[in-house]
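So that the names make sense, note that chain A is the first sequence line, chain B the second, and so on, each numbered from 1. Hydrogens, waters and symmetry mates are skipped; everything else that's a heavy atom, side chains included, is used.
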Number of protein chains: 2
Amino acid sequence: MSKSNIVTPKRTRGDGANRIFNILREEILSMQLSPGHPVDEVGLAERFGVSRSPVREALVRLAAQGLVSTLPNKSTIISPLNIEEFPQYIDALDLLQRATHRLAAILRTDEDLANIDLCQQQFAQAVEDGDVVAMIERNQAFHMAIANASRNSYLGKSYSRLLDEGRRILRLYFRSYNDTLPPELVVEHDHIIAAIRSQDADLAERLAHEHSIEVKTRFLEYMATSHTSGIKVS
Amino acid sequence: MSKSNIVTPKRTRGDGANRIFNILREEILSMQLSPGHPVDEVGLAERFGVSRSPVREALVRLAAQGLVSTLPNKSTIISPLNIEEFPQYIDALDLLQRATHRLAAILRTDEDLANIDLCQQQFAQAVEDGDVVAMIERNQAFHMAIANASRNSYLGKSYSRLLDEGRRILRLYFRSYNDTLPPELVVEHDHIIAAIRSQDADLAERLAHEHSIEVKTRFLEYMATSHTSGIKVS
DNA sequence: AAAGTAAATTTAGTATACAAACTGTATTCA
DNA sequence: TGAATACAGTTTGTATACTAAATTTACTTT
């Protein structure tokens, strides 16, 4: 193992498009690339040191997930997030969340519980650190760990898709906390875990529901706050 | 308009990959291309009279929808359908179906109703004709017309995705009818329409649920029938 | 000066060319 | 005879080259 792989980061064949896809996906979901921003194929090709082909494949896959929108014969752009659909989004998320969490309470194995606990630990750490980006990621991982325990890949995939799609909105949502993340978030998760551990399906579903309703309420309140109401204009 | 466009079917630029995607998707969903069957890029390129590039783009998009599976550096194949997950599939479908149909009953406009009626007409025609393939298509269009009336694009997309993913399984399911499609199928749809028209959300949800449960029951019965039980082996 | 049209530039879509990885066969050695 | 390695053939992933569409710019015309 004396071969220095510092310079060459293992550019294995077939990995190019994958790599670009993952990086771009991360950058889009974390809002480093802002919605509506145009995407330049040749620019990306240069940046990643590859040709347009793998870049194109990555973009096609991102488009399939709705993360970028390609206008025919014109530039592709980072998909704008239409915040006016937020209530509908939460409705959908709530439904899938209730379903997966309920099933998880019934079907979870001890291994599932261990997984969920681990995710919760990491989530709590992110909250404590006040690291919003990490926290969103851990939050998603936490709920997906539960969804995986529900033993229904179809629900799991739909739920995962929604969480992904909403990650950018959640990024906005957590701005409402002004970067001081309250420990209540962790406590709620703890309650959900307890319900799943004791296999109380009704409770798990109810907590999941309250969880999403709280997100909805808080976000709408946040959106409703007028930041200019204190300014006299007359 | 004297220009003969018989030979050249309007090969507009930018349409190539799209065209191939749609055709292949249709062929996969209708089971003309059997699950597990390998897909040859150059073969497809020759068949459609294009290069590998648009074929590749189409395949990437099909892969994103789970219709083909690409093994890295090896051939891509038509995704196998794992029938053992059928109960889970129906569970997921049932949930989304209930949700969309309930919301549709509450939020439907008169225009939605007209749409739904139209789809039902075409569905009934396919049943009468005993055209299984057309019927599956119309059935999907019917339920999507309802889902569109639910005014929730997130639920709509998840539901649509499930319907797509399950179309091949439904193809198997309808084999249980031995090509003599019973008019009961049409009647059930009529009941759902009536519930949505009268905006009876509870009823719409219940009927949607019964609809999927019936599919599940019948399919499992069908799968359980032993076609070799009449053969003596000892 | 405003508007319309034509040329030029940019960029997306497609075609082709090349290279790496996998498959299978054959030959060699134990 | 069987296993292992090497070689050939096929195929995927990537690079490059080309074409057409769309936007921009400049020029002409009223």
Side-chain angles (χ1 to χ4, degrees), chain A residues 3 5 7-25 28 33-80, chain B residues 3 5 7-25 28 33-80:
Chain A
K3 191 195 293 180
N5 49 2
V7 183
T8 314
K10 281 276 188 283
R11 287 216 34 208
T12 71
R13 173 195 175 76
D15 193 42
N18 241 311
R19 201 175 106 249
I20 297 170
F21 171 78
N22 285 321
I23 294 176
L24 287 182
R25 181 168 167 280
I28 294 172
L33 295 172
S34 40
H37 199 261
V39 179
D40 181 25
E41 290 183 3
V42 288
L44 289 175
E46 283 170 11
R47 173 182 160 197
F48 291 109
V50 295
S51 77
R52 274 176 59 214
S53 302
V55 171
R56 218 134 195 299
E57 176 173 337
L59 289 182
V60 168
R61 286 169 56 187
L62 288 171
Q65 297 209 355
L67 293 180
V68 302
S69 309
T70 101
L71 326 179
N73 277 325
K74 292 204 310 192
S75 79
T76 65
I77 60 172
I78 309 295
S79 291
Chain B
K3 193 195 292 177
N5 49 3
V7 183
T8 314
K10 281 275 187 283
R11 287 215 35 208
T12 72
R13 175 192 177 76
D15 193 41
N18 240 311
R19 200 176 107 249
I20 297 171
F21 171 77
N22 285 320
I23 293 177
L24 287 182
R25 181 169 168 279
I28 295 172
L33 295 172
S34 41
H37 200 261
V39 179
D40 180 26
E41 290 183 3
V42 288
L44 290 175
E46 283 169 11
R47 173 180 160 198
F48 291 110
V50 294
S51 77
R52 273 177 58 214
S53 302
V55 171
R56 217 133 198 297
E57 177 173 335
L59 289 181
V60 168
R61 286 168 57 188
L62 288 171
Q65 298 208 355
L67 293 180
V68 304
S69 310
T70 101
L71 326 178
N73 278 326
K74 292 203 310 191
S75 78
T76 64
I77 59 171
I78 309 294
S79 291

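- Here D:dT14 presents its P atom at 14 Å from CG of A:Leu59, a figure rounded to the nearest Å.
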Passes side chain to side chain contact (heavy atoms under 4.5 Å, CB included), B:Phe21 versus B:Leu59? Steps please.
-> CA-CA 7 Å; B:Phe21 171 77; B:Leu59 289 181; over 6 Å; no
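- Remark on the helix from C:dA1-D:dT30 to C:dA30-D:dT1: inter-end axis angle 0°, axes from five-pair C1' superpositions, rounded to 10°.
- The distance between atom CZ of A:Arg61 and atom P of D:dG13, rounded to the nearest whole Å, is 11 Å.
- D:dA15 atom C1' lies 14 Å from atom CZ of A:Arg56, rounded to whole Å.
- Taking the salt bridge (Lys or Arg N to Asp or Glu O under 4.0 Å) definition, one finds that B:Arg25 meets it with B:Asp164, sequence neighbours left out.
- The side chain of B:Asn73 lies closest to C:dC22 when the candidates are C:dA15, C:dC22, D:dA15.
- At the heavy-atom level, A:Ser75 lies under 4.0 Å from the strands shown only through sugar-phosphate atoms.
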Tell me, with the steps shown, if B:Leu71 and B:Thr76 meet side chain to side chain contact (heavy atoms under 4.5 Å, CB included).
-> CA-CA 6 Å; B:Leu71 326 178; B:Thr76 64; over 6 Å; no
Side chain to side chain contact (heavy atoms under 4.5 Å, CB included) between B:His37 and B:Ile77: does it pass, once the steps are laid out?
-> CA-CA 5 Å; B:His37 200 261; B:Ile77 59 171; over 6 Å; no
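- In this structure, CZ in B:Arg56 is found 5.5 Å from CD in A:Glu57, a value given to the nearest 0.5 Å.
- The nearest heavy atom of DNA chain D to A:Pro72 and to A:Glu57 marks one nucleotide each, and the one closer to the 5' end goes with A:Glu57.
- Close to C:dA21, at under 4.0 Å from its OP1 or OP2, lies no side-chain N or O of B:Lys74.
- Applying the 4.0 Å criterion to OP1 and OP2 of C:dT14, one finds that B:Ser53 has every side-chain N and O outside that range.
- With values rounded to the nearest 0.5 angstrom, A:Ser79 atom OG is found 9.0 Å from A:Leu62 atom CG.
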Would you sort out whether A:Ile20 and A:Leu44 count as a side chain to side chain contact (heavy atoms under 4.5 Å, CB included), showing the intermediate values?
-> CA-CA 9 Å; A:Ile20 297 170; A:Leu44 289 175; 5.7 Å; no
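- One interatomic measurement links the two molecules: CG of A:Asp40 to P of C:dA12, which rounds to 7 Å at whole-angstrom precision.
- Rounded to whole Å, the distance from CG on A:Leu44 to P on D:dT14 is 15 Å.
- Distance from the side chain of B:Ala17 is smallest to C:dT14 among C:dA15, D:dT16, C:dT14.
- Separating the CD atom of A:Glu41 from the C1' atom of C:dT14 is a distance of 12 Å, rounded to the nearest angstrom.
- The interatomic distance linking B:Phe48 (CZ) with C:dG13 (P) rounds to 19 Å, in whole Å.
- Between A:Arg52 and D:dT14 there is no side-chain polar atom (N or O) within less than 4.0 angstrom of OP1 or OP2.
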